[in-house]
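The structure under discussion appears below in the form of C-alpha cells.
Everything numeric in this text was worked out from a predicted model, so none of it was measured.
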Amino acid sequence: MGNARWSVGLILKPAFMLALLLGLMFSGGCFPEPSSDVDRDAGVARDADVGPSDAVDGRADASVYDDASSGSDASNGADASSGGDASGGADATSDDLGDGAVDDAASPDGSTGADSGPDSGWDPGPDPSPGTPLAEGFVAPSNKMGVHDQPRLGGILNPAQRTARWDRLSSVVGRSYAQYNIWWSALEPREGVDAFDDTASFCPQGILVPRSPEEKARFRYNRYHCYNRTEVERFDEWLSLDHASGAQSGAVIWSSPSFVREPACEGFPWAGTVLKDGCVPRDAYMDDFEDYVRFLGRRYNGFTLLSNGKTAKLSHFIIWNEAASSDWTDLSPLAPRNSRDPSHIALRVEKYAELMRRAHSALKSVTFGVMMYASTDHLWEDDGTFPAGHMGTRRLLEGLWSELGTSISWSVAVHPYGEPTALLSGRYTFRNLDLVSDFQLAKLQALGISEPSLQHPQPYMIASEQGGWSIGDSVGKARAICEAHAEALRKENLLLVAHNYFHQASWDPDGETFGLVPRTVGDDLENLLDTPEGRAFASTSPAQWARAGEHECCRAYGVGCGGAVDVYPMARAESNDVLSGWDAARVIDGQRHGAVYSSNGFPSPTNTRGTYLAAWVRSSSAVPVGTVRLYPRMSGTRVLAFPARYELLVTSADNMRWVSLGIFTTQPSPDVAQIDVRSGGAPRSTWGVLIRPMELGQDDFGNYYFQLAELELAP
C-alpha cells in the first residue's frame, strides 16, 4: 500500500507557468491474451475454453456460528462474525457419513445413521498415483482475472440473489476463478476423537469424517472429526456451481480452532478485538490440520458426489496466510510475535514448512491436478521500514527452499498491494512480480532444472490478494484495476488473480480501502457499469481486452487496446485559474462528458489573466502524439464556454520547453474538437499539451468562462 514513484522532469515554461512538469514512470501497453499452447511438460497449459460461469460465491452467515471471535481476517476476506457450530440441521439428501456423498438409504458400516436421500452412485475417483506430481493434469484458465466475492455473497443475499449476482459478474467479465476462505475454525468447532467406538454420540447432527475404520485406513485419516454440516454444505453449493460452469475454485486454508492453539498464543489487535486465527496448531494437533486438508481435498476432488448430488473441485490450495508475518502466522509464545531473533525466525520457518509438508501429504492421498501455494505478502526484503516480527518474504522463501526444496510440489501466493506500476523499496507490486518468480526459478536452475513445469511448479504464482490502493477516488482505483491487469498479463508465471474483495465490505475499518468496486454498487450489481471501477473491471474480460478500443481501460487509461494505443493515459493536469470545485483534474478523469474544469469568470471574451490549462501523459518518455481531442461542456446538444480561439502548445521531445503550434479555431463537431498536431505528417514526440484561450466562450447564462470536460492525446 505504497505511493507510486513519480519521476520529475523539469521544463522551461512561459512566465505564467509556475509548476513543475511531472511525468509518471510507466506507459501502459497493449497485451494479447495469454498463450494457450504451452506444453504441459514444459509449463502450465492454459485452457482457452473456460466460459462464463453461472455459479455463486459467498461467505458464511454469522447466524450459524456460536463463536464470534473466529475467522476475521481483513487480508483474506474473512469476517469477524465467523466461527463454528456443529449443530446445523440435517438434510434429507445430505451426507451424514462424511465421505462427501449423498448417502445411500442404508449405512453398511452402521456409523452414525443414514439419510433417506437417493442412491448416490458415489465414486471418489481414482486414487492418486504416489509417484505423480500433485499438479500433474492441471490446466490454467485463459482468463487470469478471478473474483473473491465471498463476504458479500455468503451471508447477505438469498440463493436467488446470489445466482443473479453471479450471472451479472459472468456477463460482465466471464468467471474463470473463484476464491474462498475455508476457515478451519468454522469447519471444526470441537476436538476430534481417536477411536471409532467414541463416535456413536460424538456427531449426531454434523458430518462424521471418516465414517468408518476402513475409510480411515484407506485415506490415511489420523482421527475422527465432526465437521459443521451447515458450513460444509454451503461450500458444496458454491464450489459445485463453479465446477459446473468451468470456473476453477481456490481456497485459503487457515484459521485455527481454539482447541488447537497454544493457550498463550498472543494474537494481535484487529477491528476492536484480539485476532488469534493466525495462531498455528500445536505439534500435537498437526495430525488434525492434515485431516482438515485431506477432507477438503477428497470432498472437492471432482469425483466425489456432494450433499446436493453434484461434484466440485478445489484446484488451488493456499496454505495459511502471509507466513512471513508473525501476526498472520503466529507461533507465539514459542516464537514471540514481534521477535526478530534468528532462532525465533528459524522456528517460524520450520513450523510453516511443516504445515506445507502436511498439506501436501494430505492432498497427494486424495486428489491430483491441483496447485498448492505458500502464502506471502508484498514486503520482500527488509529496508528498515518493515513492522516488527516480519521476516521478509525473501527470507521466508529462502527458508522454505532449505526445508522443502523440490521434495514436494509447491508454488507461491503473492499479495501485490500498492500502486500496480510502482517500484517500491523492499516491496513487490504487480510491476515487479518477476522478482518473486525469478527468485524461485534461480533456485530451480541451481539444481539443474532450467524451466518451471508441473513437476517443478515453484516459480508459478497466484495473486490471491490485490487492491487496497490508497488512492481515495474512483478514477484512481479504476486506473489501478486496468494497470494491474495489464501487468498481470505480462507475467508468464502468474496463473491467476483474485483480490481483497470484489465489492467494498461494509465492515472495513479503513473506509473505502478494500474492494475493487464501491459499496454503493447494489447487491444485484445493476449499476455496476455506472462506476469507473465497474467499467474498468469489465474491461478485463477477454471479450474486450486487446480487442475493443472503446472499453474503459483503453479509452480512459490507454491499456488493453489491442494494437496501437487509442488514447494515452494522463498523469496530471493543472491550471493557474480554477473556479472552486471545478479543478483541472476533471479533464483527465476518463469521463468525456462528466465533470468539468472551469476557470473563474471574465468580464469580456478576452483572456486578460493569462489563464491556461495543461496536462501531461503517464509515461517515462515522450510519446508520439498526432491528435489532441478537446471535449466541451455540453448542455444537451449545446456547447458551453468553449473558446472561439485558443493557442496550443506541446512540450519538446527533450521535455525542456513548450513549443507553440499556433492559434486554432477548431470547434467541437458534434461533441469533440479534434486538432491534428502532426508535423510533416508525422506525430510529434511530446510529454504534454497546454491550452491558452484567446477568445472565451459563454456558458448557458451568457457569462464568459474557459470550460472543458475532457482532454485527450492520441497517436
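Atom NZ of Lys144 sits about 8.5 Å away from atom NZ of Lys491, to the nearest 0.5 Å. Leu379 CG to His390 NE2: the interatomic distance, rounded to the nearest 0.5 Å, is 4.0 Å. Arg638 contributes atom CZ, which lies 9.5 Å from atom CD of Gln698 (distance to the nearest 0.5 angstrom). To the nearest 0.5 Å, atom CG of residue Asn600 and atom OG1 of residue Thr611 are 8.0 Å apart.
Ser660 and Leu649 make their closest contact through CA-CG, 3.9 Å (heavy atoms, listed as atom of the first residue, atom of the second, distance). Among all heavy-atom pairs drawn from Ala536 and Cys482, the shortest one is CB-SG, 3.6 Å. Nearest heavy-atom pair, Gly688 versus Leu713, reported as atom, atom and distance to 0.1 Å: CA-CD1, 4.2 Å. The minimum heavy-atom distance linking Ser325 with Asp377 is given by the pair CB-OD2, 4.3 Å. Smallest separation of non-hydrogen atoms from Ser539 and His551: OG-ND1, 3.2 Å. In this structure, Ser652 and Trp687 approach most closely via the heavy-atom pair O-CD1, 3.7 Å.
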Q: Walk me through it: do Ile675 and Tyr646 pass the test side-chain contact (heavy atoms from CB on, under 4.5 Å)?
A: CA-CA 12 Å; Ile675 301 99; Tyr646 48 93; 3.7 Å; yes

Q: Using the side-chain hydrogen bond (donor to acceptor under 3.5 Å, both in side chains) rule, take Thr376 and Tyr428 through it: C-alpha gap first, then chi angles, then the decisive distance, then the call.
A: CA-CA 11 Å; Thr376 75; Tyr428 64 69; 2.9 Å; yes

Q.
With side-chain contact (heavy atoms from CB on, under 4.5 Å) as the criterion, how do Phe537 and Leu169 come out once you've worked through the C-alpha distance, each side chain's angles and the decisive distance to 0.1 Å?
A. CA-CA 10 Å; Phe537 182 72; Leu169 283 172; 4.0 Å; yes

Q.
Under the criterion side-chain contact (heavy atoms from CB on, under 4.5 Å), I'd like the reasoning laid out for Glu552 against Tyr557: C-alpha separation, chi angles, the key distance, then a yes or no.
A. CA-CA 7 Å; Glu552 186 81 355; Tyr557 311 111; 4.2 Å; yes

Q.
Applying side-chain hydrogen bond (donor to acceptor under 3.5 Å, both in side chains) to Ser474 and Glu533, what does each step give before you reach the verdict?
A. CA-CA 6 Å; Ser474 290; Glu533 301 99 314; 3.1 Å; yes

(Q) Using the rule given for side-chain contact (heavy atoms from CB on, under 4.5 Å), can you reason through Tyr705 versus Leu640, listing the C-alpha separation, both sets of side-chain angles and the distance that settles it, and then say yes or no? (A) CA-CA 9 Å; Tyr705 289 92; Leu640 302 179; over 6 Å; no

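Residues Asp149 and Arg165 meet the side-chain proximity criterion, which asks for heavy atoms closer than 4.5 Å. In this structure the side chain of Tyr612 reaches within 4.5 angstrom of the side chain of Glu574, judged on heavy atoms. Here the side chains of Leu494 and Ile462 are not in contact, with every heavy-atom distance at 4.5 Å or above.
Classification of the Phe502-His499 ring pair by plane angle, with boundaries at 30° and 60°, yields tilted. Ring geometry for His378 versus Tyr417: interplanar angle over 60°, hence perpendicular rather than tilted (30 to 60°).
A salt bridge links Asp383 to Arg427: one of the charged nitrogens lies within less than 4.0 Å of a carboxylate oxygen.
Remark: the Ser464 side chain and the His415 side chain contain an N/O donor-acceptor pair separated by less than 3.5 Å.
By the 6.0 Å contact criterion, CD on Gln667 is enclosed, its count of non-hydrogen atoms from other residues, nucleotides or ligands being greater than 12.
Taking Asn527 as the reference, Val521, Asp530 meet the side chain to side chain contact (heavy atoms under 4.5 Å, CB included) condition, with sequence neighbours excluded.
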